[in-house]
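Keep in mind that the numbers below use all heavy atoms, side chains included, and drop hydrogens, waters and symmetry copies.
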Amino acid sequence: MAPRIRVSALLAWQGRVLLCRQAKPGKEYWLLPGGGVEPGETIGAALRREIGEEIGLHEDLSFEGPIAVAESISPQWSPGDRHVVHIVFASDLSNRSLEAVESADPAVSGLRLFTHDELEEVVLHPPIKRFVQRWRPGDPAVYLGSLWAR
């Protein structure tokens, strides 16, 4: 199985970060808004489509980045297992109202703004909490490595 490319956005709003909640039987975790790149789709077009689907922002946002790249590969990987390449962008939404933000994606079971301290209490996939807490606009792009979360 070829690696899957997932684009996402670190969306800041007045010092907080917007995350999407996903719940599956027996577990709950949070993600940066985003999703998979479709065949023939640019990563920019995929990012804008996914932001529209996951948080309902269909306006033309300005993105910085990519600001980071990470991979999710099981430590016991075998043929047929998933390999996801995460490409992370950023945007500051502080000058916008988030009143109308709502997900149309059935996989998203909630949206929430988190302070950097509150991030300590949640499970974030991939496990990039430290990066999210420390990243500042203009920082150089980084490769975060292969990160696996159960």
| said: Looking at Glu71 and Val84, would you say the former's side chain and the latter's main chain have a donor-acceptor pair under 3.5 Å? | reply: no
Open item on the list: Against the six-membered ring of Phe114, is Arg112 placed for a cation-pi contact (under 6.0 Å from the centre, within 45° of the normal)?
Closed with: yes
Using 4.0 Å as the upper bound for N to carboxylate O, is an ion pair formed by Glu50 and Arg6?
no
Report task. Decide whether Asp92 and Ser94 meet the rule of one side-chain donor and one side-chain acceptor closer than 3.5 Å. Result -> yes
Are any of the side-chain heavy atoms of Leu144 and Val142 separated by less than 4.5 Å? yes
ask   = Which class fits the ring pair His125 and Tyr29: parallel under 30°, tilted 30 to 60°, perpendicular over 60°?
value = parallel
Scanning both residues in full, the closest heavy-atom pair of Gln133 with Arg136 reads O-NH1, 3.2 Å
Answer yes when Arg48 and Asp60 have at least one side-chain N-carboxylate O distance shorter than 4.0 Å, and no when they do not.
yes
For Trp30 and Val122 the tightest heavy-atom approach is CD1-CB, 3.6 Å
From the list Leu47, Leu10, Val7, side-chain contact (heavy atoms from CB on, under 4.5 Å) with Phe63 holds only for Leu47
| said: Looking at Arg82, I want to see if its CZ is surrounded by more than 12 non-hydrogen atoms of other residues, nucleotides or ligands under 6.0 Å. | reply: no
Smallest heavy-atom separation, Ala46 atom then Gly36 atom, equals CB-O, 4.4 Å
Smallest heavy-atom separation, Ala9 atom then Leu32 atom, equals O-CB, 3.6 Å
In this structure, CG of Leu111 is separated from SG of Cys20 (nearest 0.5 Å) by 5.0 Å
Steps toward side chain to side chain contact (heavy atoms under 4.5 Å, CB included) verdict (Ile67, Trp135)
CA-CA 9 Å; Ile67 61 170; Trp135 182 83; 3.6 Å; yes
Short N-O contact, Glu118 and Arg16, less than 4.0 angstrom:
no
CG (Leu31) and NE2 (His86) are apart, to the nearest 0.5 Å, by 8.5 Å
Measure from the side-chain N and O atoms of Ser8 to the backbone N and O of Pro33, and report whether any donor-acceptor pair falls under 3.5 Å.
no
Between Val17 and Leu113, is any pair of side-chain heavy atoms under 4.5 Å apart? no
**Asked** Can you list the steps and then say if Gln22 with Lys27 is a side chain to side chain contact (heavy atoms under 4.5 Å, CB included)?
**Response** CA-CA 9 Å; Gln22 290 204 336; Lys27 60 182 173 177; over 6 Å; no
- Is it true that the side chains of His83 and Ser72 contain a donor and an acceptor less than 3.5 Å apart? no
Check whether any side-chain heavy atom of Arg134 lies under 4.5 Å from a side-chain heavy atom of His116, and answer yes or no. no
Evaluate the side-chain proximity of Leu11 to Ile55: yes if any heavy-atom separation is below 4.5 Å, no if none is.
yes
Do Leu147 and Ile128 make a side-chain contact, defined as non-hydrogen atoms from C-beta onward lying under 4.5 Å apart? yes
request  = Using atom types as modelled and distance alone, determine if a side-chain donor or acceptor of Lys129 lies under 3.5 Å from a backbone N or O of Glu121.
outcome  = no
Next item on the list: Evaluate the criterion side chain to side chain contact (heavy atoms under 4.5 Å, CB included) for residue pair Leu19 and Leu119; output intermediate values, then yes/no.
Entry: CA-CA 10 Å; Leu19 298 179; Leu119 286 174; 3.6 Å; yes
Problem - Polar side-chain atom of Glu54 near backbone of Gly35 as donor-acceptor pair, under 3.5 Å - result: no
Q.
Regarding Arg21 and Glu28, does a basic nitrogen lie under 4.0 Å from an acidic carboxylate oxygen?
A. yes
